[in-house]
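So the structure is just underneath, and the comments pick up after that.
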Amino acid sequence: MAQRCLCVLALAAMLLLVFATVSRSMGLRSDEHQRESRIPAEFSKEERVAMKEALKGAIQIPTVTFSYEKANTTALVEFGKYIYKVFPTVLSTSFIQHEVVEEYSHLFTIKGSDPSLQPYLLMAHFDVVPAPEEGWEVPPFSGLEREGAIYGRGTLDDKNSVMALLQALELLLIRKYIPRRSFFISLGHDEESSGTGAQKVSALLQSRGVQLAFVVDEGGFILDDFIPDFKKPIALIGVSEKGSMNLLLQVNMSSGHSSAPPKETSIGILAAAVSRLEQTPMPIIFGSGTLVTVLRQMADEFPFPVDKILSNPRLFEPLITRFMEKNPLTNAMIRTTTALTIFEAGIKVNVIPSVAKAAVNFRIHSGQTVQEVLELTKNIVADNRVQFHVMTAFDPLPISPYDDKALGYQLLRQTIQSVFPEVNITIPGTCLGNTDSRFFTDLTTGIYRFNPYYLQPEDLKRFHGINEKISVQGYENQVKFIFELIQNADTDQEPVSHLHKL
Ligand SMILES: *[C@@H]1O[C@H](CO)[C@@H](O)[C@H](O)[C@H]1NC(C)=O
Ligand SMILES: *[C@@H]1O[C@H](CO)[C@@H](O)[C@H](O)[C@H]1NC(C)=O
Ligand SMILES: *[C@@H]1O[C@H](CO)[C@@H](O)[C@H](O)[C@H]1NC(C)=O
């Protein structure tokens with residue numbers, strides 16, 4: 001996940017506060033011929049050993065993205081060779097085409113036997129953020145196994161997904177599996193910076209006239225133990241991502257000596273401006289997004305009076321939002337957030353600087369646009385001596401469908417129920433951060449962010465932090481999940497087939 005990006009955080013917070021959603025829709029019916037030809041997700045002892053060893057090997061290649069410009073390109077190349085070595089069947093199957101995109105990213109095209117079924121895309125990224133060794137129980141690029149878990153940078157974000165995707169496909173192919181529905185696997189090399197790999201893959205597929213039934217990328221998890229006294233695990237599928245804007249604020253005044261200062265200085269003016277921004281939060285947006293649906297559907301899971309409050313979210317909106325505003329994570333779910341991140345001015349104690357600069361990072365709620373947030377910001381600052389420069393910005397991602405007819409969402413639900421029968425709560429959420437999947441909005445309306453992995457609150461700090469690890473059992477389940485998901489996707493059902501029928 002890109003810097004500051006955790007779908008999970010949004011949910012975690014929400015769950016901490018006992019607000020969530022259950023989806024109890026009917027879902028997909030599994031068709032008969034599909035059940036008959038099903039290959040069970042059962043792996044031999046040798047295969048299970050080989051699959052964890054393959055992940056360890058992947059962790060040992062330091063595919064680090066250091067900054068926007070800098071990455072370990074030697075490691076990126078080595079990783080490309082590594083997947084050839086450990087997944088020979090994937091790389092030598094006649095109906096699979098492999099392409100290297102943007103020098104280091106990988107695109108696999110798996111041709112299904114039934115061209116009438118719309119293809120889908122599974123994606124992940126194999127670059128990781130840096131990992132200084134301090135504080136790690138084992139070296140971060142060792143891939144060492146301790147007490148049933150594999151440690152190392154990338155074990156959760158996101159080499160586990162890269163390896164599980166290819167591993168599941170390899171195991172299916174060894175069992176002579178031939179997919180009916182075509183699909184793509186895209187493995188990005190720079191998600192932690194600009195995502196050029198994913199952008200190129202998207203452009204390439206568009207140039208080939210591809211339209212996708214759905215996309216699955218990293219983002220959500222199975223949240224375990226996030227709500228005190230609520231023992232049920234909850235599968236969170238990210239159906240949207242917040243937008244983002246980095247705004248530079250600048251004040252130019254004449255410089256001067258500190259012995260005879262003017263009434264106002266660039267520093268004072270800018271400080272007042274950013275302080276106003278901090279003191280004036282963006283308006284609460286309650287109705288749009290998944291929140292209201294989620295609250296209503298989740299209500300039954302809770303005792304009185306929480307159930308009554310949650311089942312009437314509109315009525316209790318003031319109460320609910322007041323509650324959510326108190327916690328930074330839940331606050332981030334009901335409004336565009338404003339974060340002051342850089343403040344720069346002055347070089348010498350006795351010189352009044354002419355220029356003061358500040359950067360503000362906004363995370364834009366799906367009910368607003370970049371333009372609206374920019375206008376609001378200018379109105380809040382209300383000082384024409386402050387200049388505004390948008391450094392980078394993009395609008396929030398559209399909300400992908402999560403109803404009974406949403407093929408991607410329902411396939412994920414079906415596969416969750418099969419691989420994790422104890423999980424019977426699945427909720428749609430919004431990622432607070434961003435993923436490579438945001439570059440695919442021209443190819444599909446169904447973009448889902450989900451990692452089939454149990455996450456506990458203490459795991460949150462491991463993302464981009466120390467002692468990142470994945471349990472061996474958890475990784476096997478991830479492989480199993482993809483193994484089943486690919487087979488489930490061979491269903492005849494099309495995403496919009498029943499839309500206009502009675
Ligand atoms: C880059 O990766 C290679 C392995 O592919 C490794 O030997 C080298 O130490 C890495 N360089 C840095 C600066 O991490
Ligand atoms: C403000 O100062 C900076 C740095 O000296 C300069 O580049 C910029 O053009 C100035 N802007 C205005 C509007 O005076
Ligand atoms: C959820 O799963 C538990 C078992 O873990 C089961 O007892 C319960 O009835 C299920 N609830 C629903 C609504 O399916």
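In this chain, numbering begins with 1 at the start of the sequence shown. Note that ligands are numbered from 1 as they come in the structure, with each ligand's atoms numbered from 1 the same way.
Between F126 and H189, the ring-plane angle classifies as tilted under the 30° and 60° cut-offs. Ring pair Y82/F79 is tilted by interplanar angle, where 30° to 60° counts as tilted. Note on ring orientation: taking the six-membered ring where Trp is involved, the planes of F420 and F481 are tilted (angle from 30° to 60°).
Per-residue contacts place E78 under 4.0 angstrom from the following atoms of ligand 1 (heavy atoms of the residue considered): 4 (C), 5 (O). Near T74, the atoms of ligand 1 lying under 4.0 angstrom from a non-hydrogen atom of the residue are 5 (O).
In this structure, atom 13 (C) of ligand 1 lies nearest to the protein heavy atom F66 CZ, 4.2 Å. Looking from atom 1 (C) of ligand 1 to the surrounding protein, the closest heavy atom is N72 ND2, 1.5 Å.
Contact annotation for atom 11 (N) of ligand 1: protein present (non-hydrogen atoms, distance under 4.0 Å). Protein heavy atoms are found inside the 4.0 Å sphere centred on atom 5 (O) of ligand 1.
For E372, the salt bridge (charged side-chain N to carboxylate O under 4.0 Å, His left out) test picks out no residue, with sequence neighbours left out.
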Next item on the list: Just do the salt bridge (charged side-chain N to carboxylate O under 4.0 Å, His left out) check on R449 and E241 with the steps written out, would you?
Entry: CA-CA 9 Å; R449 300 119 183 124; E241 296 174 19; 2.8 Å; yes

